Novice: 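Starting off with a structure, shown below.
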Amino acid sequence: NSDTKNVGMVSIEGGSITGNSSTQGGALHVAGGTVNFTGGTIGGSAALANTSPLGGAIYVSSGTVNVDGGNIKYNNATTGGGAVFMTGGTVNVIATSNYSYIESNTAENGGAFYAEGGTINISKGYLRSNSASRNGGAIYAIGGTINASGGEIKGNTATNGNGGML
C-alpha cells in the first residue's frame with residue numbers, strides 16, 4: 001500500500017549482510033525512520049556482494065542512515081550507487097570510535113554514492129577504491145547536498161569523469 005508509512009529505528013551492530021539482491025538496495029531499502037549501522041560489514045567480498053540496479057548495498061528515499069564504524073564493501077549496482085543510491089533522506093558517515101570504510105564498491109555511475117537528492121555528511125570516513133564504469137568513482141551527484149569534514153576520499157576511479165566526485 002503506497003499510503004503506508006513505516007517509521008522506526010533499526011540498529012545493526014556487528015555481523016554481516018551479504019549475497020542479497022533487489023531492484024532498489026541490495027541489502028537495505030530505507031524509506032523512513034533511522035538505521036544505525038555500528039560495526040560489521042555490508043558486502044564483504046566479490047563472491048558475497050549485494051547487488052541491485054540502484055544502490056548495491058542501500059537505497060535511501062527518506063529517513064536517516066548513520067554509518068558509525070564498520071564496512072560497506074564489494075557491493076555492485078548496475079546503474080548507480082555501488083554502496084548507496086539516494087533520492088532523499090540523510091546518510092551520515094561518521095566515526096565516534098572507529099573509522100567507517102566504504103570501499104571497493106562498483107557501479108556505472110557513483111562507485112560509492114549516487115545522489116539525486118538528500119544529504120550526505122562525511123566525517124572520519126574513508127571512501128576508497130570504489131569504481132564507476134562511467135562517472136564519479138566515489139560520488140556522483142546530480143542533486144542533494146554533500147558535506148565533507150575530515151576522512152579521506154582516495155584511490156577511486158571512473159572511466160569518463162572525476163574519480164573522486166562529479
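Owing to the predicted nature of the structure, the values given are computational and were not obtained by experimental measurement.
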Novice: How close do G136 and A158 get, heavy atom to heavy atom, and via which atoms?
Specialist: N-CB, 3.7 Å
Novice: Do you know the tightest heavy-atom contact between G69 and S100?
Specialist: N-OG, 2.7 Å
Novice: Decide yes or no for I12 and N36: does some side-chain heavy atom of the first lie under 4.5 Å from some side-chain heavy atom of the second?
Specialist: no
Novice: Kindly indicate whether the side chain of V10, heavy atoms from C-beta on, has any atom under 4.5 Å from the side chain of T34.
Specialist: no
Novice: Determine whether I72 and I58 satisfy the following criterion, side chain to side chain contact (heavy atoms under 4.5 Å, CB included), listing intermediate values before the conclusion.
Specialist: CA-CA 9 Å; I72 301 175; I58 304 168; 4.1 Å; yes
Novice: Any chance you could measure M9, atom CE, to T64, atom OG1, to the nearest 0.5 Å?
Specialist: 12.0 Å
Novice: Compare every heavy atom of P53 with every heavy atom of S22, then report the nearest pair and how far apart it is.
Specialist: O-CD, 3.3 Å
Novice: Closest heavy-atom contact between I42 and A57?
Specialist: CG2-CB, 3.7 Å
Novice: Is atom OH of Y74 surrounded by more than 12 heavy atoms (other residues, nucleotides or ligands) closer than 6.0 Å?
Specialist: no
Novice: Using 0.5 Å steps for rounding, measure from the OG atom of S123 to the CG atom of D68.
Specialist: 10.0 Å
Novice: Side chains of N160 and N135: donor-acceptor distance under 3.5 Å anywhere?
Specialist: no
Novice: Go through Y126 and E103 one step at a time and tell me if the side chain to side chain contact (heavy atoms under 4.5 Å, CB included) criterion holds.
Specialist: CA-CA 8 Å; Y126 288 99; E103 62 185 337; over 6 Å; no
Novice: So do V60 and V91 actually touch side chain to side chain, heavy atoms under 4.5 Å?
Specialist: yes
Novice: In Å, rounded to the nearest 0.5 Å, how long is the span from CG of L127 to CD1 of I139?
Specialist: 5.5 Å
Novice: Using a 4.5 Å cut-off on heavy atoms from C-beta on, say whether the side chain of I17 contacts that of T41.
Specialist: no
Novice: Side chains of N75 and T51, heavy atoms from C-beta outward: is any pair under 4.5 Å?
Specialist: no
Novice: Taking F85 as the fixed residue, which of Y140, F113, Y59 is the one that meets the ring-ring contact (aromatic ring centres under 6.0 Å, His included) rule?
Specialist: Y59
Novice: What I'd like to find out is whether the side chain of K73 reaches to under 4.5 Å of the side chain of S129, using heavy atoms alone.
Specialist: no
Novice: If you measure from OG on S149 to CD1 on I122, what distance do you get to the nearest 0.5 Å?
Specialist: 9.0 Å
Novice: To the nearest 0.5 angstrom, please state how far the OG atom of S62 sits from the CE atom of M86.
Specialist: 10.0 Å
Novice: Using the rule side-chain hydrogen bond (donor to acceptor under 3.5 Å, both in side chains), only one of N76, N130, N50 pairs with N105; which is it?
Specialist: N130
Novice: Can you find a pair of side-chain heavy atoms, one from N121 and one from I146, that are under 4.5 Å apart?
Specialist: no
Novice: Could you grab the distance from atom OG1 of T159 to atom CZ of R134, nearest 0.5 Å is fine?
Specialist: 10.0 Å
Novice: Under 4.5 Å between any side-chain heavy atoms of T119 and N147, yes or no?
Specialist: yes
Novice: Closest heavy-atom contact between G25 and S52?
Specialist: N-OG, 3.2 Å
Novice: Stepwise, does the side chain to side chain contact (heavy atoms under 4.5 Å, CB included) test hold for T90 with V65?
Specialist: CA-CA 6 Å; T90 301; V65 176; over 6 Å; no
Novice: Looking at every heavy atom in both A112 and I102, which two are closest together, and how far apart are they?
Specialist: CB-CG2, 3.9 Å
